[in-house]
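Structure first, then comments.
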Amino acid sequence: MASDIVFVIALMGVVSAVWGALAIPGLRRRLPKIYLIARSWWFMLAALFGCYAIAKIADRHAELLTSRYPYQWLLIGFFVLIGLRGGYEIKRIWCLPSRARLIHKLQSRGLQPSVTPTSSADHTASATTPHYTHPTGLDGLLSMAFVALIVSLIALQQLTWQREQYGVLLFVLFASQFNDIAQYLCGRLLGHRLFSRGLAPRISPNKSIEGAIFGSMCAALLASLLGVWLTGFEWWLCLLAAYGLAVSGIAGDLLESAFKRQHGIKDTGTMLAGHGGVLDRIDSLLIGVPIFTVLYWLLG
């Protein structure tokens, strides 16, 4: 069995076991948010891996399929849906009435403070239009990064399929996601033990320098081991790529955090319980994936 399919099965098994353990009534009462995170992870991975497995099987047996069975486009469709949902979340935040409804929904679930800061965009909008804010430079930067991400995911899928390096796509996705988890754990264990100030206190007060440094290092080491197994690349190349994805993941997360703070919201949605919206989940991919895709295209 191919290494990428083994990885898919193994990771789904681990997430299923964690979700099952957290579903025990006692643990679920003690760790309700962790339970919701694990549950959302299961459904996200099931959707991604289902599309991935079907697309790969169709690609390997293309001679047996006809145009009536375009399974190889299923993974691209998955990325397009992510793009549509993320675009909707951005537009909803720009629209003042829908943003107000989102804030009310977050407050009703205890996910948003009762008093939210009024952004400069709101002041500008009140003087000109009652419905929409004027997009700022930060809004434009986030929007361009998001569009570049979706295009890069589709391009990377096509490149890896053409070169029959299927595991590269999984490596890139999960190197960034491992970084999120490692930063959180290292931040909880080591946060503010070495540095009194946070990483970016005005943008994301909960992020610590220790979490960023040690989390990115741990994530890069783990992801590089995964990369050697999935991609067949040299270990130093996997380590370099994994660390680059980890560092760029921090930058992408801060970019999205600045966007949310500017508009006075805690999450871009409630679609993914425990995570927030789609943008909240893929923010670590915003910068690293487009850069990796360009380098992979030029140097591959």
Side-chain angles (χ1 to χ4, degrees), residues 44 47-48 51-52 55 72-96 98-99 102 119 121 124-125 131-162 168-177 179-180 203-204 241 244-272 275-300:
M44 287 188 293
L48 172 62
C51 294
Y52 178 88
Q72 62 270 27
W73 294 97
L74 195 57
L75 193 57
I76 295 177
F78 178 76
F79 293 143
V80 170
L81 287 176
I82 291 177
L84 293 174
R85 175 65 192 187
Y88 165 75
E89 291 178 1
I90 293 174
K91 181 181 178 182
R92 177 171 60 180
I93 292 169
W94 286 344
C95 178
L96 295 178
S98 62
R99 184 203 304 171
L102 172 62
S119 69
T124 304
H131 294 294
Y132 286 91
T133 63
H134 288 299
T136 64
L138 182 61
D139 295 336
L141 182 61
L142 178 74
S143 300
M144 288 188 294
F146 179 70
V147 172
L149 169 63
I150 301 304
V151 173
S152 298
L153 286 172
I154 296 173
L156 185 60
Q157 187 270 337
Q158 291 293 294
L159 286 170
T160 55
W161 254 240
Q162 290 173 5
V168 171
L169 180 63
L170 295 178
F171 164 68
V172 170
L173 292 176
F174 288 95
S176 301
Q177 298 306 302
N179 183 51
D180 284 351
I203 297 176
S204 184
L245 288 167
V247 173
S248 60
I250 297 173
D253 185 38
L254 290 177
L255 173 62
E256 200 240 359
S257 294
F259 170 76
K260 292 190 293 185
R261 181 164 290 272
Q262 175 177 265
H263 292 287
I265 59 170
K266 291 286 289 182
D267 295 318
T268 60
T270 58
M271 181 179 181
L272 304 173
H275 296 276
V278 167
L279 282 174
D280 296 312
R281 183 60 272 153
I282 64 172
D283 53 4
S284 60
L285 307 174
L286 287 172
I287 297 175
V289 172
I291 294 175
F292 180 92
T293 301
V294 172
L295 293 175
Y296 181 73
W297 172 56
L298 293 175
L299 305 176

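Not measured: the values here are computed from a predicted model.
Atom-to-atom distance recorded for Leu286:CG and Ile150:CD1 is 9.0 Å, nearest 0.5 angstrom. Interatomic distance, Leu102 CG to His263 NE2, rounded to the nearest 0.5 Å: 12.0 Å. Going from atom CD1 of Ile154 over to atom CG of Leu149 covers 10.0 Å, rounded to the nearest 0.5 Å. Atoms OG1 and NE2, on Thr270 and His275 in that order, are 13.0 Å from each other to the nearest 0.5 Å. The CG atom of Leu285 sits 10.5 Å away from the OG atom of Ser152 when rounded to the nearest 0.5 Å. To the nearest 0.5 Å, the span separating CG on Asp253 from OG on Ser248 amounts to 11.5 Å.
Here the closest non-hydrogen pair linking Leu153 and Leu173 is CD2-CD2, 3.8 Å. Of all heavy-atom pairs between Ala258 and Ile203, the closest is N-CG2, 3.5 Å. The nearest pair of heavy atoms linking Ala251 to Ile287 is CB-CD1, 3.7 Å. Residues Ser143 and Ile90 approach most closely at OG-CG2, 4.0 Å, considering heavy atoms. Taking each heavy atom of Gly277 and Leu272 in turn, the nearest pair found is O-CD1, 4.0 Å. Taking each heavy atom of Leu254 and Ser204 in turn, the nearest pair found is CD2-CB, 4.1 Å.
With hydrogens and angles ignored, the 3.5 Å screen pairs no side-chain donor or acceptor of Gln157 with any backbone N or O of Ile76. Side chain of Lys260 to backbone of Lys266: a donor-acceptor contact under 3.5 angstrom is found. Panel note: side chain Asp280, backbone Thr268; a donor-acceptor pair is recorded below 3.5 Å. The closest donor-acceptor contact from the side chain of Asp267 to the backbone of Gly276 lies at 3.5 Å or more, if one exists at all. A side-chain donor-acceptor contact under 3.5 Å links Asp139 to the backbone of Thr136. In this structure a side-chain-to-backbone donor-acceptor pair under 3.5 Å is present from Glu89 to Leu279.
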side-chain contact (heavy atoms from CB on, under 4.5 Å) between Asp283 and Leu255, worked out:
CA-CA 8 Å; Asp283 53 4; Leu255 173 62; over 6 Å; no
Test Leu84 against Tyr88 for side-chain contact (heavy atoms from CB on, under 4.5 Å), laying out the working first.
CA-CA 6 Å; Leu84 293 174; Tyr88 165 75; over 6 Å; no
I'd like to know whether Leu75 forms a side-chain contact (heavy atoms from CB on, under 4.5 Å) with Leu169, so could you lay out the CA-CA distance, the side-chain angles of the two residues, the decisive distance to 0.1 Å, and finally the verdict.
CA-CA 11 Å; Leu75 193 57; Leu169 180 63; 3.7 Å; yes
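In this view, Arg281 and Asp180 satisfy the salt bridge (charged side-chain N to carboxylate O under 4.0 Å, His left out) rule, not counting sequence neighbours.
Phe292 and Tyr296 have parallel rings, their planes meeting at less than 30° on a 0 to 90° scale where 60° marks the start of perpendicular.
Under the 4.5 Å side-chain criterion, counting only non-hydrogen atoms from C-beta, Val172 is in contact with Val289.
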